[in-house]
Number of protein chains: 2
Amino acid sequence: MARAKTGANLPHCYEFPMVSVAVDCAVFGWDINDGLHVLLIERGEKPFGHALPGGFVRAKQENLETAARRELEEETGVSNAHLEQFHAYGDPERDDRGNHVISVAFFALVRRIDHTPRGGTDADTADWYPIQQARSLKLAFDHQTILSDAIDRLFEKLRHDPIAFKLLPRKFRLREVQHLYETALGQEVDKRNFRKKLLEMGLLEDTGETESDVRHRAARLYRFNNAEYEKRSRQGWKFDI
Amino acid sequence: MARAKTGANLPHCYEFPMVSVAVDCAVFGWDINDGLHVLLIERGEKPFGHALPGGFVRAKQENLETAARRELEEETGVSNAHLEQFHAYGDPERDDRGNHVISVAFFALVRRIDHTPRGGTDADTADWYPIQQARSLKLAFDHQTILSDAIDRLFEKLRHDPIAFKLLPRKFRLREVQHLYETALGQEVDKRNFRKKLLEMGLLEDTGETESDVRHRAARLYRFNNAEYEKRSRQGWKFDI
DNA sequence: GCAAAAGTGTTGGGGCTACACCCATGA
DNA sequence: TCATGGGTGTAGCCCCAACACTTTTGC
């Protein structure tokens with residue numbers, strides 16, 4: 001999908017030099033045993049190494065979010081993610097292949113169990129990396145900056161928006177929620193106070209089910225009541241943890 | 001600055017059709033007598049009517065923020081604004097002149113007294129409009145959506161970031177701060193409690209001066225201590241109102 | 001019965017809300 | 001002296017933080 005400047009037929013001509021537009025996604029997945037992970041591509045072409053999934057927007061055919069969903073599906077097999085655009089990156093030198101490429105970055109939240117990554121259409125492979133490890137890799141282009149911004153934004157947003165429930169399984173234990181928030185806040189929280197706050201908020205429904213296959217007392221499973229959240233949201237209520 | 005498709009020399013050729021990249025700015029100004037205003041251009045060309053100041057990014061020459069500053073300066077004479085990128089708009093049909101133009105939108109905060117708007121380099125004229133009035137205008141392209149998002153974002157951000165002091169004069173009365181917050185929150189706040197909170201926060205310095213030319217008791221003038229704010233910020237402290 | 005996590009109540013203190021009056025100034 | 005906004009103190013309440021033990025289950 002690179003905009004070649006060499007070669008025979010370059011049929012699309014303009015008065016001024018043009019910028020290319022790409023989208024990139026920081027896809028996050030959560031697992032109570034493993035913590036927060038991000039989905040990275042191991043590139044099979046030009047700038048080798050790891051990178052965020054993404055690619056060029058198809059002019060006149062799609063908007064930014066559609067492009068992001070398409071690239072995500074093509075490169076990693078992930079579909080139906082919760083997508084949120086968070087920043088555009090536009091330094092002229094950010095793509096070291098020479099073109100001026102601006103990239104609109106999204107973060108994406110998925111339930112990790114639903115998404116065993118698969119490789120892309122070409123030689124690329126996609127895989128989950130713990131965020132600590134991902135942070136220590138040398139990513140292509142300015143993807144390390146993008147990833148770092150995405151993580152900051154995700155942690156910030158978890159506090160003011162109930163997007164945690166896009167990461168957690170549909171039926172979850174309270175302790176999973178707590179663990180996720182401890183990761184986001186960077187500190188431990190008091191179990192009793194956290195549960196009280198969460199339950200008294202009135203957005204969690206007891207499914208009546210409990211976990212199974214554990215060798216200790218089984219935890220109740222809860223479900224997030226999104227309809228109720230949206231109702232209150234329209235009335236000006238604000239989620240906060 | 002339009003990317004003409006007609007005409008003789010179109011020297012920049014590509015393998016694929018290209019997207020154009022623009023930046024647009026919602027410039028906000030505040031005045032205690034007048035409330036919140038936004039700076040709009042009255043366009044002298046093609047899609048006539050009002051629009052946000054902005055224009056195309058110069059490929060290979062500038063990044064997004066630089067482009068926004070340049071366009072702001074060229075079209076309205078505004079310089080040294082506080083700029084924050086907030087969203088990118090990319091629907092293929094959003095520019096009704098036919099090209100696929102994505103726009104990276106910024107909101108800009110200025111001290112209105114410093115900026116008497118002046119016209120642009122061409123036939124355009126720039127002027128302040130109260131936000132209520134601006135909201136009721138039919139703006140060019142999807143600028144009404146952009147403006148509306150910018151206002152929402154500004155109001156939200158005022159609560160978690162001391163950006164109010166980018167809108168207020170360098171030396172301000174407490175009542176001005178209160179008025180601005182009442183606008184942002186959409187509700188009145190208690191004078192005593194508001195002052196207490198603000199002063200006990202310890203980020204406002206008494207300048208020792210008072211306002212003049214008023215026919216009632218003169219108010220003290222305060223200054224925002226940005227150095228202190230940044231220091232605390234680095235220590236993890238969070239502004240909140 | 002033991003290991004491992006689930007689940008639960010109370011208390012004290014700090015911060016927020018609510019509320020009303022005097023002060024300084026210019027006309 | 002009056003009109004106009006500037007400036008201040010307190011009491012009650014609610015919410016948040018701190019804190020430790022009992023329950024269930026599988027092995």
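Throughout, a chain's letter reflects where its sequence line sits, starting with A, and its residues are numbered from 1. Any value given below was found using the heavy atoms of this structure, including those in side chains, with hydrogens, waters and symmetry copies removed.
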Below 3.5 Å between N/O atoms, which protein atoms pair up with nucleotides 8-17 of chain C? Just atom names and distances, please.
{"from": "C:dT10", "atom 1": "O4", "to": "A:Lys196", "atom 2": "NZ", "distance (Å)": "3.0"}

Value in whole Å for how far the C1' atom of C:dG7 lies from CD of A:Glu200:
15 Å
Side chain proximity check, B:Leu174 to B:Leu204, heavy atoms < 4.5 angstrom:
yes
A:Arg175 CZ - C:dG7 P separation (whole Å):
10 Å
Are the side chains of B:Leu221 and B:Arg173 in contact, using a 4.5 Å heavy-atom criterion?
yes
Rounded distance (Å) that lies between atom C1' of C:dA6 and atom NE2 of A:His179:
13 Å
Close approaches to DNA chain D from residues 206-216 of chain A, in residue order (heavy atom, under 4.0 Å):
A:Val214, A:Arg215, A:His216
Distance, rounded to the nearest Å, where A:Leu185 contributes CG and D:dA17 contributes P
11 Å
Expressed in angstrom and rounded to an integer, what is the separation of A:Glu176 atom CD from C:dA5 atom C1'?
13 Å
What's the verdict on side chain to side chain contact (heavy atoms under 4.5 Å, CB included) for B:Ile131 and B:Phe28, showing C-alpha distance, side-chain angles and the deciding distance?
CA-CA 9 Å; B:Ile131 52 166; B:Phe28 294 105; 4.2 Å; yes
Is there a donor-acceptor contact under 3.5 Å linking the side chains of A:Tyr89 and A:Asp149?
yes
Fit a plane to each ring of B:Phe107 and B:Phe86, take the angle between them on a 0 to 90° scale, and name the class: parallel (under 30°), tilted (30 to 60°) or perpendicular (over 60°).
tilted
Atom CZ of A:Phe194 and atom P of C:dG7: how far apart are they, to the nearest Å?
14 Å
Taking the side chain as C-beta and beyond, is there a heavy-atom pair between B:Glu84 and B:Lys166 under 4.5 Å?
no
Using 30° and 60° as the class limits, which term best fits the ring planes of B:Tyr181 and B:Phe194: parallel, tilted or perpendicular?
tilted
Do A:Phe172 and A:Phe224 have ring centroids that are under 6.0 Å from one another?
no
